Structure formats: structure tokens, C-alpha cells
Amino acid sequence: MPQKVYIETVGCQMNVLDSELVIGALRKHGYSLTDSPNEADVLLFNTCSVREHAEEKTFSALGRVRNVKRANPDAVIGVLGCMAQKDQELIRKRAPYVDMIVGTGQLGAVPQLVEKVRATREPQLAVSLGRTDAGRDEVEASFVSYDPARDPSMRPTPFQAYVRIQIGCDKFCTYCVVPSTRGPEQSRPPVHIWNEVRQLVDQGCKEVTLIGQTVNSYIHESGDKRTRLSDLIAGMHDSPGLERIKFVTNYPKDMTDDLLHAVRELPKVVKYLHVPVQSGCDEVLKRMKRNYTASYYMDMLARSRELVPGVSVSSDFIVGFCGETEESFQKSMDLVREAKFKNSFIFKYSERSGTKAAERFADDIPEDVKKRRNNDLLAVQNENSRADHRAQVGKVVEVLVEGPSRLGSKTSRDREGAGILQLTGRSMADHIVVFDGTERLIGHTVRVAINDASPFTLYGNVLTDEVVGADLSREPHVYTSPVRPDRFSLPLV
Ligand code: 5AD
Ligand code: SF4
């Protein structure tokens, strides 16, 4: 009987990719994937520690699988990733039936650890001991043996893939657990990355998203050869079949001109930068140890927009950080008004044990104040998002069609008989675009004339006679515009 594995993933793109790699490795050992925990022989939870909410999500998921373990005592339950690295004791206390705890640097060993649990029935723990040089070697080795084991069925779509170019982080923002859960910053050798991109493109992948905690700090040195992110991108840009290159997430101080030139000059590079500012107040930024001021950030933004005309920029904010006065918060409001981001991800500060902020500063902003500031900042951002999206109306944009829209609509359902679906994809400036079309457009790049906009979505008509790179061997046809759903919301992750 083939063994079945069930996996739940919480957190960032790095975790989505890690889950893909773990499933890829398990498939090589004969496992198949199931979406039912009750059917599974191995149940894995890939976890996030960045905010308390994410941790609680994992603990409640673990609570739910307790019954699975009761019904099937041979089932192997594993906690992977950031919480495994950070909270081994707590996991053992709150979920003593967990069989294995595997940190971010040890995920390549999951198949062996499962076998060990089976053979010994003893819990297995594999985590990094600390930010040591030994840790570096260990992780470097895992780049070589681990990343090629990928699993297309775990990707966002078959034609989009994440590619890790860097692991860890050395910035040590005081609020953040990442430097301790993911270890020191290391840039992966460019040749490994180029090979991986080539393999992905051979499998039909059209868009790669290069990921790293501070992806634009990427630098790889070998002898006297220095590869920056701009060189890395240039080195993969001409791969035939590759249509789009994205990179996330950027650190404001490392937004160098060579990178901005690459974004402008290289046609496959998506004209979108995610550059978290976190706060508009210099004192708060200082306590966060972000190493820049609000005016530095605004200058960086102006330079980016000057060097890459039309570039979309998005940001992250933390509200209610330790000692954030009403006046400090108003500076974030001012910054968000002025910066005109396409969108922002706004988070309430969540104290994380082991961070410098938890050690040094009191988490002194009451929850209701954090909540109010979150809503206020979001309201201003939404106004900007609305204006940003409205400015696209009347344009024709290139969209890589990802699949049926999650928004759905009555109109589309009514037209299912005619094979017309409401489809969604992203433009080259990272706008979400919704339009009607047929299934055969999925995975292709089409041109869409934008005729309507909401704060988070553009709506339009696909011009199928202008499909890029597809043999549609049918009459050119212009689909009618979808009717906008009345109400919807997109989750901010
Ligand atoms: N509390 C709230 N938000 C956080 N982030 C990181 N650490 C914390 C924390 N302790 C946010 C930052 C970061 C995003 C990924 O998560 O805004 O950019
Ligand atoms: Fe965390 Fe700061 Fe590193 Fe981002 S740059 S992962 S916020 S420490």
C-alpha cells in the first residue's frame, strides 16, 4: 500500500516552497499526497512564528489531529519549520503526541526522520543549534541535495514557481523572529539557481518568483566573481520559455540603482517592488532597528519611480509597536498618504519571545488601540489602492492567466454552458485582473483591456487575437466584460 501524506502550510512564500520541497522528497520515497487527514499515514504541519496568530493556528490544527492519532496510532505527526525551530518545548507540552519536530534547516531529512519514527516509535527532533558556522555548512549542503526535489502539484499553479535564492536574515529587526528561526543570511550559488530555473522552465514553468527575506541583499562571491541580484536576473532572463521574473521581499537600504536598471531594462522582469517600510516615524524605526529614516525611504521610493517609470510599489507596516505614540502613528498615516503604494500589508505588533524588542521594550500599546490604528491605516491605504487601480482603466495590460477567479459570479456560472469562466491573473505591474474567458487561456499570457476597477482588482475584456505565445487556432473573439461582484474582499496575508 503506498503511504499517504497530508500537509498544512501556514506563513510566507518561503514556507510554501519548503512544503513543495518536502512533498517532492517524500514522493521520491513512494508517498502520495492526500487532502484528508483521516486517510493519511503522515501528517505534516509547516509552521510560521512571525506573529502569535500564526502559532495559534498551528496549535488548533494540532488539536484537531489528536483524534486522527487516537484512531490510527501508527500515523506519524510532524511539526516543521519556524515553530519547530523556536518552540520545541512548547510543542511537546501542548501536543505531546507529535512524533517529529524538524527545523527549517533540516527539512531535507524529513523522509529519513519519518522512517526513524516508524522503526523506533520514538519522537525525533532535528533543529539547528544556533547561528554558528557549522549551521552555515549544514544549510549550504542542503541547497545542493534538497532543492531539486520539487513537486509541481504543490505549486501555486503548474506554470508559476518560487525559487529560493537566499536563506536566513542578518538584519535583526528587533521585532522579528526570522533571524533566529531561519538562521544567518546566505546567498545561494548563482549556477544552482540558474540550473533550477532551467529545470522549472523545462517542466513548463513560465513565471519564477525569486524569494529571500531581503532578496535585494543577494550577493554571491566566488574567487573574484561577484554576483548581485541584478546579475543573477540577467543570467536567467533569456531562458527560452521563461516569461516572467519576480523577486520578493526587498529591504529599503539595499535598493541599488543596478537592480532598478535591471527592472527597467529587462522586459521579463515584473515592474513591481515590495519594499516594507514598517513605520513612518524615525524613533519607531530606530527602536525597530530598521537602519533608515522615513525620509530615506521616501527618497528611495522617488528614485525607484524615477528609474522605473510606472513601477508598482507595495509595503508592510507594523502598528502598535512598543512605545508608538499617537503622534508616531500619525507619521505612518502621513507616509502612507504620501507614498501612494499599490497596496500595503498592515500588521498589529505581536511580541515574539527571543527577540530584542521582547527583551528591551514593553509591549505597551493596548490591543484595541492596535486594532484602531490598523483600521485607520488600512482605510487610507484603501483610498490609495482605489486611485492606483482606477488609473489603470483604459489601459491594455498583459496578464498571465492563473485560473478561475476565486471571486466567482452568478454571471459566470450562468455562462458555464458556453464554456466561459471568470478568470484571473496578474499584470506586469502585479495588479490582479479579472475577466471572462475560456479554460484554454489558463497558463497563457493575454492582453486585457481594462474597463473597471475596485481597490484591489481590475476588470476587463481579453483580446484573444493578441494572445502572446499560444496557438489558439480559433476565430479571434472579444469576450464581454464580466459583471462585477457586488461585495468581495481579498485577504491580506
Ligand atoms: N509583529 C507583527 N508583524 C510582524 N512582522 C514581522 N514580525 C512581526 C511581529 N513581531 C511583519 C513585518 C514583515 C512581515 C512579513 O510581517 O511587517 O514585513
Ligand atoms: Fe525580519 Fe527584518 Fe529580516 Fe525582514 S529584514 S526577515 S523583518 S529581521
Side-chain angles (χ1 to χ4, degrees), residues 10-16 47-57 81-83 85-87 104 131 164-187 211-218 247-255 273-281 284-292 297 300 313-324 329 332 335-336 339 341 343-365 367 369-371 373-374 377-378 381 491-493:
V10 184
C12 62
Q13 288 105 334
M14 204 59 92
N15 275 15
V16 174
T47 62
C48 171
S49 296
V50 90
R51 282 172 293 275
E52 193 181 346
H53 178 67
E55 295 186 343
E56 283 312 319
K57 227 167 142 175
C82 291
M83 278 174 75
Q85 186 61 50
K86 176 175 161 277
D87 287 324
T104 52
R131 292 171 55 95
R164 188 191 328 261
I165 69 164
Q166 179 195 55
I167 59 164
C169 183
D170 281 347
K171 305 290 190 218
F172 285 101
C173 303
T174 55
Y175 52 79
C176 187
V177 284
V178 169
S180 56
T181 59
R182 294 217 175 244
E185 179 183 314
Q186 298 166 79
S187 292
I211 57 175
Q213 304 299 339
T214 56
V215 73
N216 57 339
S217 328
Y218 177 93
F247 55 91
V248 287
T249 278
N250 295 283
Y251 190 65
K253 289 234 26 195
D254 294 326
M255 194 54 82
L273 302 170
H274 179 233
V275 203
V277 61
Q278 312 296 3
S279 169
C281 168
V284 172
L285 287 169
K286 199 161 179 195
R287 279 199 296 283
M288 288 178 166
K289 197 169 161 284
R290 290 289 289 180
N291 293 320
Y292 54 81
Y297 184 92
M300 180 280 308
V313 184
S314 69
S315 187
D316 292 352
F317 285 86
I318 297 176
V319 294
F321 186 63
C322 315
E324 185 191 66
F329 171 65
S332 291
L335 189 143
V336 90
F341 298 118
N343 63 296
S344 288
F345 301 98
I346 301 170
F347 306 103
K348 289 177 288 177
Y349 173 59
S350 169
E351 185 176 83
R352 313 283 59 219
S353 60
T355 59
K356 284 277 173 271
E359 213 176 89
R360 286 184 199 159
F361 314 121
D363 179 13
D364 54 355
I365 308 301
E367 183 60 26
V369 176
K370 288 181 183 173
K371 208 166 184 173
R373 290 182 185 169
N374 191 329
L377 200 57
L378 198 57
Q381 174 55 55
L492 294 182
V493 279

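Order of appearance sets the numbers: ligands from 1, and atoms from 1 within every ligand. The residues of the chain are indexed from 1 along the displayed sequence. Keep in mind that the numbers below use all heavy atoms, side chains included, and drop hydrogens, waters and symmetry copies. Not measured: the values here are computed from a predicted model.
- Nearest to atom 13 (C) of ligand 1 by heavy-atom distance, out of D363, V277, D316, V319, is D316.
- At a 4.0 Å heavy-atom cut-off, ligand 2 touches P179 through the side chain alone.
- Here the side chains of D363 and K370 are in contact, with some heavy-atom distance below 4.5 Å.
- In this structure a side-chain-to-backbone donor-acceptor pair under 3.5 Å is present from S315 to V277.
- Note that OG of S279 is 10.0 Å distant from OH of Y175, once rounded to the nearest 0.5 Å.
- The minimum heavy-atom distance between Q85 and T104, with the atom names listed, is OE1-N, 4.2 Å.
- For ligand 1, the polar-atom distance check against R352 finds no nitrogen or oxygen pair separated by under 3.5 Å.
- Proximity to K171 (heavy-atom distance under 4.0 Å) selects the following atoms of ligand 2: 5 (S).
- E367 has a carboxylate O that lies under 4.0 Å from a charged side-chain N of K348, or vice versa, which qualifies the two as a salt bridge.
- Among protein heavy atoms, the minimum distance from atom 2 (C) of ligand 1 is reached at K348 O, 3.3 Å.
- For the residue pair R373 and I365, the shortest heavy atom distance occurs at NH1-CG2, 3.9 Å.
- Under the 4.5 Å side-chain criterion, counting only non-hydrogen atoms from C-beta, L335 is in contact with F341.
- Residue, atom and distance of the protein heavy atom nearest to atom 3 (Fe) of ligand 2 are C169 SG, 2.2 Å.
- In terms of protein heavy-atom proximity, atom 11 (C) of ligand 1 is closest to R51 NH1, 3.3 Å.
- The nearest pair of heavy atoms linking A358 to E351 is CB-CG, 3.7 Å.
- With a 4.0 Å heavy-atom cut-off, ligand 1 is reached by the backbone of Y175 and by its side chain too.
- Counting heavy atoms from C-beta on, the side chains of I318 and Y349 come closer than 4.5 Å.
- Close approach to T214 involves these atoms of ligand 2, each under 4.0 Å from a residue heavy atom: 5 (S).
- By heavy-atom distance, the residue among K253, R290, E185, K289 lying nearest atom 4 (Fe) of ligand 2 is R290.
- For V50, heavy-atom contacts with ligand 1 shorter than 4.0 Å involve the backbone as well as the side chain.
- The side-chain heavy atoms of K356 and F172, taken from C-beta on, include no pair separated by under 4.5 Å.
- Not one N, O or S atom of C176 sits under 2.8 Å from atom 3 (Fe) of ligand 2.
- When each atom of ligand 2 is checked for a heavy atom of F172 under 4.0 Å away, the hits are 8 (S).
- Using a 4.0 angstrom heavy-atom cutoff, E351 does not count as in contact with ligand 1.
- Note on C173: counted as a metal contact of atom 2 (Fe) of ligand 2, an N/O/S atom lying under 2.8 Å.
- The shortest contact between atom 10 (N) of ligand 1 and any protein heavy atom is with S350 O, 2.8 Å.
- Relative to the six-membered ring of F347, R51 meets both conditions, a distance below 6.0 Å and an angle of at most 45° to the axis.
- The part of Y175 lying near ligand 2 is the side chain, judged by heavy-atom distances below 4.0 Å.
- Close approach to Q278 involves these atoms of ligand 1, each under 4.0 Å from a residue heavy atom: 12 (C), 13 (C), 17 (O), 18 (O).
- Here the closest non-hydrogen pair linking R287 and E324 is NH2-N, 4.0 Å.
- For Y349, no nitrogen or oxygen atom sits less than 3.5 Å from a nitrogen or oxygen atom of ligand 1, counting backbone and side chain alike.
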